[in-house]
Amino acid sequence: MRLKPEEVSWVIQQEIEKYDEDLSLKFESAGRVLYVGDGIARVWGLDDAMMSELVEFADGTLGIVLNLEVDNVGVIILGSNRNIREQDIVKRTGKIACVPVGEAMLGRVVDALGKPIDGKGPIETTEYRPIESQAPGVVQRKPVNEPVQTGIKAIDAMIPIGRGQRELIIGDRQTGKTTIILDTIINQKNSGVHCIYVAIGQKASTVAQVVKTLEEHGAMKYTTVVSASASDPAALQYIAPYSAAALGEYFMYQGKHVICFYDDLSKHAQAYRQIALLLRRPPGREAYPGDIFYLHSRLLERAAKLSQDLGGGSLTAIPVIETQANDVTTYIPTNVISITDGQIYLEPDLFYAGVRPAINVGISASRVGGKAQTKAMKKVAASLRLDLAQYRELAAFAQFGSEMDKTTQAQLVRGERMIEVLKQDKFTPFSLSKQVMIIFAGTRGYLDDFPLELVKVFENEFYPFMDTHYPDVARSIDETKDLDQRTIEQLESAVVEFKQKFKELHQLS
């Protein structure tokens with residue numbers, strides 16, 4: 001049977017009339033997988049892909065474009081590459097990597113992409129922020145002048161942290177770095193400060209223990225835990241801190257205060273090194289790629305204290321770096337030290353000697369200093385850091401057994417007692433008033449004539465005495481954050497009165 005031309009034209013005409021004009025043609029930019037393995041893929045055909053753009057593989061797995069080369073793009077895979085094969089189609093999404101943000105994220109444990117992993121159901125939020133964003137400029141910021149109360153006597157007295165600051169915690173493994181973070185989070189209860197804890201490359205059991213501790217102390221209500229554990233792909237460990245910073249920025253631009261803890265950036269750098277070497281980027285010192293400094297600087301620069309025009313919110317960054325054998329002069333530690341506004345150095349020798357937190361006062365510093373300290377603490381702890389540094393030198397000298405004058409002996413006695421005062425059990429943060437009262441007693445010499453083993457006993461019995469007999473002192477310090485002359489006189493008479501009772505109770509001459 002032969003088809004007549006008029007019949008064919010009629011069929012075509014009918015088909016054209018059936019065509020629904022509302023259905024628009026959809027054009028998609030797609031490429032093919034050339035190579036896949038070790039969490040990265042090389043894709044041919046995505047000539048118009050953008051840097052950091054999300055792409056979608058055939059099985060629904062997402063990836064981020066990280067390398068733009070002449071004939072292909074390098075993609076890091078955000079998930080398992082088990083179901084991705086060579087020659088699979090890869091589609092552009094036209095979007096930059098984003099994470100969900102909002103109040104609903106508080107109290108949840110999420111992965112690096114913001115998906116819940118705590119078994120508490122989906123997170124109800126419609127707002128998203130790109131994981132990478134421009135840090136606030138100089139004009140958009142204002143100087144750091146509000147303290148972040150950690151509840152740790154040694155830090156609040158000698159190495160104060162301010163809202164919007166970047167303060168590094170550095171030390172060997174198992175020296176109490178995460179404990180300082182947990183104490184700080186627990187101490188933010190009722191302060192209105194939101195906390196974000198990022199676990200990078202840690203064991204899942206360790207992260208579970210952190211969450212359990214926070215729940216026990218009622219701190220998960222205002223905390224979000226972002227976990228990219230050791231079993232997760234390097235790509236997720238790489239983006240985890242940026243995702244957390246995006247969540248923190250959401251609150252900051254709403255005029256709220258946030259602290260972001262990055263635990264730790266050593267493993268973050270190692271994850272990035274793994275990705276960079278697999279993508280065949282040229283290795284530099286210690287096999288890290290050339291942009292390893294920029295990796296951390298663009299993250300930590302996002303911490304800021306915003307100007308009043310932008311709401312006055314703040315994002316405080318507390319990164320952690322793990323050193324090897326006490327060496328702070330290696331590549332990554334020196335990089336991060338140069339980016340941050342100071343560091344808290346934890347020393348293994350002090351830790352094993354029972355000085356906890358094991359803060360080395362000589363190397364530790366806060367470049368914001370007294371600007372991030374309350375007036376009350378400034379008045380009682382002004383010379384404490386210098387006195388303890390001098391004590392350390394004298395103690396080392398005194399080991400030689402040479403005779404010392406009375407002034408030197410008095411300095412040693414005072415130093416020993418102040419170190420005893422600054423010792424603190426984990427998960428027991430102190431209020432500002434308690435810190436000021438006991439440091440006042442120590443720096444004014446009221447503890448010098450006590451045996452060393454009774455200093456802690458004195459402190460533990462002193463707080464209930466003050467609460468019962470002199471409640472106005474603590475109330476005044478907590479409310480005004482200052483130590484006026486009347487309060488000083490009350491505190492002096494209280495310490496003298498309690499010291500007399502304490503001596504009688506413990507039969508001291």
Side-chain angles (χ1 to χ4, degrees), residues 145-160 162 183 187-191 369-388 410-411 413-425 428-509:
N145 56 10
E146 290 179 75
V148 168
Q149 290 294 139
T150 63
I152 300 165
K153 289 176 283 188
I155 293 176
D156 290 343
M158 297 184 290
I159 316 147
D183 278 343
N187 197 53
Q188 303 315 307
K189 192 181 286 186
N190 304 323
S191 69
K371 289 175 186 173
Q373 212 168 20
T374 57
K375 290 180 180 177
M377 188 59 84
K378 258 192 226 178
K379 286 178 181 174
V380 298
S383 62
L384 181 58
R385 192 165 171 271
L386 187 62
D387 291 347
L388 282 184
Q411 260 186 307
V413 167
R414 176 76 54 82
E416 284 173 344
R417 272 125 195 95
M418 285 315 300
I419 282 177
E420 204 64 29
V421 162
L422 293 175
K423 286 181 184 177
Q424 194 168 329
D425 292 334
T428 54
F430 284 80
S431 66
L432 175 66
S433 55
K434 283 185 176 179
Q435 293 183 38
V436 168
M437 289 189 298
I438 194 63
I439 291 170
F440 177 88
T443 52
R444 296 291 175 106
Y446 291 111
L447 307 177
D448 290 359
D449 52 347
F450 287 148
L452 208 56
E453 62 274 9
L454 284 181
V455 171
K456 269 291 166 212
V457 180
F458 178 94
E459 181 182 358
N460 293 336
E461 294 177 10
F462 179 56
Y463 298 135
F465 171 82
M466 291 300 292
D467 289 342
T468 308
H469 297 89
Y470 293 87
D472 290 348
V473 173
R475 196 181 304 118
S476 170
I477 294 170
D478 283 331
E479 286 175 3
T480 65
K481 311 280 192 255
D482 201 352
L483 205 58
D484 56 36
Q485 190 56 41
R486 182 171 169 276
T487 309
I488 290 172
E489 288 167 6
Q490 277 186 309
L491 190 50
E492 278 178 339
S493 58
V495 174
V496 170
E497 184 185 330
F498 177 70
K499 184 176 176 181
Q500 190 59 42
K501 288 183 178 179
F502 187 79
K503 280 186 171 181
E504 290 170 6
L505 185 66
H506 293 274
Q507 298 175 351
L508 300 171
S509 55

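Phe458 pairs by the ring-ring contact (aromatic ring centres under 6.0 Å, His included) definition with Phe450, Phe462, Phe498, Phe502, not counting sequence neighbours. Under the salt bridge (charged side-chain N to carboxylate O under 4.0 Å, His left out) criterion, Glu416 pairs with no residue, sequence neighbours left out. Shown here are the side-chain contact (heavy atoms from CB on, under 4.5 Å) partners of Asn145, two or more places apart in sequence or in another chain: Lys305.
Annotation: Asn460, atom CG; neighbour count of heavy atoms from other residues, nucleotides and ligands within 6.0 Å is above 12. Heavy-atom neighbours of Lys375 NZ from other residues, nucleotides or ligands within 6.0 Å: at or below the threshold of 12. For Lys379, the NZ atom counts as densely surrounded, since its 6.0 Å shell holds more than 12 non-hydrogen atoms of other residues, nucleotides or ligands.
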### Message
Test side chain to side chain donor-acceptor pair (under 3.5 Å) on Asp484 and Thr487; report intermediate values, then the result.
### Response
CA-CA 5 Å; Asp484 56 36; Thr487 309; 2.5 Å; yes
### Task
Might you work through the side-chain contact (heavy atoms from CB on, under 4.5 Å) test for Arg444 and Val495, ending with a clear yes or no?
CA-CA 10 Å; Arg444 296 291 175 106; Val495 174; over 6 Å; no
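Residues Val380 and Met437 are not in side-chain contact: their nearest non-hydrogen atoms beyond the backbone lie 4.5 Å or more apart. Here the side chains of Lys423 and Val455 are not in contact, with every heavy-atom distance at 4.5 Å or above. Annotation: side chain of Phe430 is not in contact with side chain of Ile152 (no heavy-atom distance under 4.5 Å). A 4.5 Å side-chain heavy-atom check between Met418 and Asp387 finds every atom pair outside the cut-off. Side-chain contact between Glu461 and His506 is present, with heavy atoms from C-beta onward closer than 4.5 Å. Leu447 has its side chain out of reach of Leu454: every pair of non-hydrogen atoms, C-beta onward, lies at least 4.5 Å apart.
The closest donor-acceptor contact from the side chain of Gln424 to the backbone of Thr428 lies under 3.5 Å. Of the possible polar contacts, one joining the Thr480 side chain to the Ser476 backbone as a donor-acceptor pair under 3.5 Å is found. Not one N or O on the side chain of Lys456 forms a donor-acceptor pair closer than 3.5 Å with the backbone of Glu453. With hydrogens and angles disregarded, a donor-acceptor distance shorter than 3.5 Å links the side chain of Gln188 to the backbone of Gln149. Lys378 places no side-chain N or O within 3.5 Å of a backbone atom of Gln373 that could act as its donor or acceptor partner.
Here the CD-CD1 distance, from Gln435 to Ile477, works out to 10.5 Å after rounding to the nearest 0.5 Å. Here CZ of Phe440 is found 6.5 Å from CD1 of Ile488. Values are rounded to the nearest 0.5 Å. Residue Met377 holds its CE atom at 12.5 Å from CG of Asp482, rounded to the nearest 0.5 Å. Taken to the nearest 0.5 Å, the OG atom of Ser383 stands 9.5 Å off from the CG atom of Leu388. Between the CD1 atom of Ile155 and the CG atom of Asp183 there is a distance of 8.5 Å, given to the nearest 0.5 Å.
Nearest heavy-atom pair across Thr443 and Arg414 is O-NH1, 3.0 Å. Taking every heavy atom of both residues into account, Ala372 and Pro160 meet most closely at O-CB, 3.6 Å. Of all the heavy atoms in Tyr470 and Gln490, the pair that sits closest is CE2-O, 4.1 Å. Residues Ala157 and Ala381 share a closest heavy-atom pair of O-CB, 3.8 Å.
For the pair Glu459 and Lys153, the salt-bridge criterion is met [side-chain N within less than 4.0 Å of a carboxylate O]. No salt bridge links Arg417 with Glu420; every basic N to acidic carboxylate O contact stays at or beyond 4.0 Å.
Checking each of Asn187, Thr374, Thr150 against Asp156 for a side-chain hydrogen bond (donor to acceptor under 3.5 Å, both in side chains) leaves exactly one that passes, namely Thr150.
Within the cation-pi definition used here (under 6.0 Å to the ring centroid, within 45° of the axis), Lys434 qualifies as a partner of Tyr463. The cationic group of Lys501 does not satisfy the cation-pi geometry with Phe465, failing either the under 6.0 Å distance to the six-membered ring centre or the 45° limit from the ring axis.
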